[in-house]
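A short write-up of the structure that comes next.
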Amino acid sequence: MRFDVLTIFPGMFSPYLEEGMLARAVKGGLVDVRLVNIRDFATGTHKATDDRPYGGGDGMVMTPEPMSRALESVDRQENSLVIHLSPQGETFDRAIAWELSDWDQIILACSRYEGVDERILLTGIDRELSVGDYVLSGGELGALVVMDAVSRLIPGVLGGERSNLEDSFEDGLLEYPHYTRPRVFQGKEVPPVLLSGDHEKIRLWRRKESLKRTLERRPDLLQKAKLTSEDERLLDELKKG
Ligand code: 9D3
């Protein structure tokens, strides 16, 4: 998977690309990240990438030409998608992450300022994504969120870590609680079932805890979750108390 990130703040990406899962994926050759500085495509003495809004008002608007030229500079693979990170986009979720993991190249266009010239959408943007209903200062954190979530789905990226299929959310439920040593921490014991060595009992306990948490904290997720008849039975037990 190759990501090309268009931004006026390429330095914001370096720390996240230098350590952790993404860094390992890049070093292992499974993910390739290229940073394109939109400012390199700005003209004029000040290399401005913003301008005052037509019609007046506060704040500056991102001008479309540098973004457009930056996009044209990207060498396109056969199977590539251009995404603009935008508060107006559809909300990124795990289904979209899986979809994106099928592309060979994803171009992430990050904008800044109070808004972008609407015609930026005419520069070859295929899709607009938001990462949630809160105001960020630009698309950069959104691009990192998308790169992180998508990279985890690429075969080989997680390596020795748990499979992403086991990850929280991949079956649509919240995860069961985890425990490690010590057996007693601040007077709290690890649930005895986890020390029982009975793998079937442990599996059932974890599944029930997973369902319990989802029921309590995110009942909305139960609608879309893939539930087995065993899950339905465990849910009934939980609802009866
Ligand atoms: C104060 C201006 N805003 C009114 C609510 C408009 C606005 C413009 C530009 C708000 C945010 C931004 C910059 N945000 C992003 O580029 C962005 C974003 C976000 O703000 N929230 C969630 N996902 C994303 S992806 C890109």
Side-chain angles (χ1 to χ4, degrees), residues 1-17 20-22 31 33-42 46-74 80-103 105-154 168-169 218 220-221 224:
M1 166 70 68
R2 173 168 154 183
F3 295 106
D4 292 79
V5 186
L6 280 49
T7 171
I8 59 167
F9 295 126
M12 285 187 171
F13 292 83
S14 313
Y16 214 77
L17 294 171
M21 181 275 302
L22 260 180
V31 172
V33 182
R34 316 243 178 139
L35 300 170
V36 178
N37 192 339
I38 295 171
R39 197 171 304 280
D40 292 342
F41 298 88
H46 297 101
K47 300 248 176 222
T49 53
D50 61 337
D51 206 341
R52 288 154 54 219
Y54 274 122
D58 288 334
M60 296 296 272
V61 175
M62 192 159 195
T63 190
E65 294 107 316
M67 177 75 95
S68 172
R69 284 193 285 263
L71 208 50
E72 282 164 16
S73 81
V74 173
S80 72
L81 185 75
V82 181
I83 294 173
H84 176 223
L85 284 308
S86 162
Q88 269 93 48
E90 53 180 322
T91 309
F92 183 62
D93 63 9
R94 76 177 201 282
I96 299 175
W98 278 109
E99 265 182 63
L100 298 186
S101 70
D102 282 335
W103 294 85
Q105 180 184 31
I106 294 175
I107 300 161
L108 297 161
C110 305
S111 48
R112 282 269 151 180
Y113 313 110
E114 289 307 298
V116 295
D117 185 301
E118 191 62 21
R119 294 164 298 177
I120 228 144
L121 296 172
L122 304 175
T123 61
I125 303 287
D126 298 314
R127 192 162 186 177
E128 288 198 294
L129 294 179
S130 159
V131 293
D133 294 336
Y134 36 77
V135 179
L136 294 173
S137 308
E140 286 77 9
L141 283 170
L144 281 167
V145 165
V146 169
M147 285 197 285
D148 188 296
V150 172
S151 297
R152 295 173 60 79
L153 304 177
I154 294 165
S168 176
F169 277 118
R218 293 293 308 278
D220 58 299
L221 294 178
K224 280 205 262 174

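Remember, it's 1-based here, ligands and their atoms both numbered in the order they're listed. All values below were derived from every heavy atom in this structure, side-chain atoms included, with hydrogens, water molecules and symmetry-related copies excluded.
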Closest to atom 25 (S) of ligand 1 among protein heavy atoms sits Ser86 N, 3.4 Å
Tell me whether Tyr113 reaches ligand 1 (any heavy atom closer than 4.0 angstrom to a ligand atom).
yes
I need the Glu140 CD to Arg112 CZ distance, nearest 0.5 Å.
4.0 Å
Just need the protein heavy atom nearest to atom 17 (C) of ligand 1, so name the residue and atom and give the distance.
Pro87 CD, 3.6 Å
Heavy-atom nearest neighbour in the protein, as seen from atom 5 (C) of ligand 1, with distance rounded to 0.1 Å:
Val135 CG2, 4.0 Å
Enumerate the atoms of ligand 1 whose separation from the nearest heavy atom of Gly139 is less than 4.0 angstrom.
15 (C), 16 (O), 26 (C)
Protein heavy atoms near atom 3 (N) of ligand 1, is at least one of them under 4.0 angstrom away?
no
To the nearest 0.5 Å, how far apart are CG in Asp93 and OG1 in Thr91?
8.0 Å
closest protein heavy atom to atom 21 (N) of ligand 1 is Tyr134 O, 2.8 Å
Side-chain donor/acceptor of Arg69 to backbone N/O of Ala42, under 3.5 Å:
no
Can you list the ligand 1 atoms lying under 4.0 Å from a non-hydrogen atom of Leu129?
25 (S)
Shortest protein heavy-atom distance from atom 23 (N) of ligand 1, along with the residue and atom involved
Val131 N, 3.0 Å
Could you tell me whether a side-chain N or O of Arg39 sits under 3.5 Å from a main-chain N or O of Lys47, the two making a donor and an acceptor?
yes
Kindly compute the distance separating CZ (Phe3) from CD1 (Ile107), expressed to the nearest 0.5 Å.
11.5 Å
Spell out, as yes or no, whether a donor-acceptor pair under 3.5 Å connects the side chain of Ser68 to the backbone of Pro64.
no
Tell me, which protein residue and heavy-atom name are nearest atom 11 (C) of ligand 1, and how many Å apart are they?
Leu136 O, 3.4 Å
among protein heavy atoms, the one nearest atom 8 (C) of ligand 1 is Glu114 O, 3.0 Å
Hey, is OH on Tyr113 packed in by over 12 heavy atoms from elsewhere, all under 6.0 Å?
yes
Please work out, at 4.0 Å between heavy atoms, whether the side chain, the backbone, both, or neither of Asp133 comes within that distance of ligand 1.
neither
Can you list the ligand 1 atoms lying under 4.0 Å from a non-hydrogen atom of Ser130?
22 (C), 23 (N)
Does atom CG (Asp220) have a neighbourhood of more than 12 heavy atoms from anything else shown, all under 6.0 Å?
yes
Separation of Met12 CE from Leu141 CG (nearest 0.5 Å)
7.0 Å
re atom 22 (C) of ligand 1, the protein heavy-atom contact at minimum distance is Gly132 O, 3.1 Å
Is it the side chain (CB and beyond), the backbone, both or neither of Cys110 that lies under 4.0 Å from ligand 1, heavy atoms counted?
neither
Any non-hydrogen side-chain atom of Val82 less than 4.5 Å from a side-chain atom of Val74?
no
